[in-house]
Amino acid sequence: MNAQFGHIEIKVRPGSLGFYKDFFAFLNWPTLYEEEAMLGVGGKNGDSLWFVASANDAKNDYDGVGMNHLAFSVPSQAEVDEAAGYLTRSGIEAIFETPRHRPEFASSADETYYQVMFASPDKILFEVVYTGPKQ
């Protein structure tokens with residue numbers, strides 16, 4: 001078998017699809033499909049994320065069973081800072097004292113793990129991260 005990642009469907013609240021459309025446009029992920037209660041965005045390898053506005057009122061516990069966060073890798077530390085600026089302009093607060101370097105996650109002393117983390121309007125955790133040589 002030779003499987004690759006395909007897609008993820010994420011349940012969100014009605015009214016929050018605009019946030020995801022704008023954020024993924026910022027990340028240069030094209031809109032694949034859009035209607036009142038659904039948004040599909042595409043990655044560069046045929047992968048996709050689907051946001052469906054039909055969530056119930058169940059609460060998500062980041063440390064419980066299930067997904068903790070969804071991360072997007074970028075090719076430079078400057079792009080993490082650019083994402084942090086976009087979030088600030090959009091009224092979204094960065095969390096966990098980010099953006100910052102996380103040396104405990106770096107693969108060597110010459111490299112860095114530089115991240116910004118935030119929660120979407122639906123309290124889904126996202127990360128934009130650069131890993132690689134210190135810049």
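With rounding to the nearest 0.5 Å, the separation of CG in N60 from NZ in K11 is 14.5 Å. The distance from the CE atom of M117 to the CD atom of E97 is 13.0 Å, given to the nearest 0.5 Å. The OH atom of Y114 sits 5.0 Å away from the CD atom of Q77 when rounded to the nearest 0.5 Å. Between the OG1 atom in T98 and the CG atom in L87 there is a gap of 8.5 Å [rounded to 0.5 Å]. For the atom pair CD (E34) and OH (Y20), the distance works out to 14.5 Å, reported to the nearest 0.5 Å.
Proximity of T131 to F105: side-chain heavy atoms (C-beta onward) are nowhere separated by under 4.5 Å. Between V41 and S48, the closest side-chain pair of non-hydrogen atoms is not below 4.5 Å. Y130 has its side chain within reach of P133: a pair of non-hydrogen atoms, C-beta onward, lies under 4.5 Å apart.
Here the shortest heavy-atom pairing between L39 and K21 reads CD2-N, 3.4 Å. Contact detail for H101 and T112: the closest heavy-atom pair is ND1-OG1, 2.6 Å. M67 and I124 make their closest contact through CE-CG2, 4.0 Å (heavy atoms, listed as atom of the first residue, atom of the second, distance). The minimum heavy-atom distance linking L17 with V12 is given by the pair CD2-CG2, 3.8 Å. The heavy-atom pair separating V80 from V129 by the smallest distance is CG2-C, 3.9 Å. Across all their heavy atoms, A119 and I95 have their closest contact at N-CD1, 4.1 Å.
Remark: the backbone N or O of N45 is paired with a side-chain donor or acceptor of D47 at under 3.5 angstrom. Between the side chain of S120 and the main chain of D122, a donor-acceptor pair closer than 3.5 Å is present. Panel note: side chain T88, backbone A84; a donor-acceptor pair is recorded below 3.5 Å.
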### Worked check of side-chain contact (heavy atoms from CB on, under 4.5 Å) between W29 and L32
CA-CA 9 Å; W29 280 48; L32 302 175; over 6 Å; no

### Task
Go through R100 and Q115 one step at a time and tell me if the side-chain hydrogen bond (donor to acceptor under 3.5 Å, both in side chains) criterion holds.
CA-CA 6 Å; R100 69 176 170 144; Q115 68 174 164; 4.8 Å; no

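Clustering ILVMFWY residues whenever any of their side-chain heavy atoms sit less than 4.5 angstrom apart, transitively, puts L125 in a cluster other than the one holding L27.
Below 30°, between 30° and 60°, or above 60°: for F72 and F23 the angle between ring planes is above 60°, a perpendicular geometry. By the 30° and 60° cut-offs, the orientation of the rings of Y86 relative to F26 is parallel. Ring planes of F118 and F126: parallel class, angle under 30° (limits at 30 and 60°).
With salt bridges taken as basic N to acidic carboxylate O contacts below 4.0 Å, none links E111 and K134.
Close placement of the F51 and F24 rings is indicated, their centers lying within 6.0 Å of each other.
Remark: the E35 side chain and the Y33 side chain contain an N/O donor-acceptor pair separated by less than 3.5 Å.
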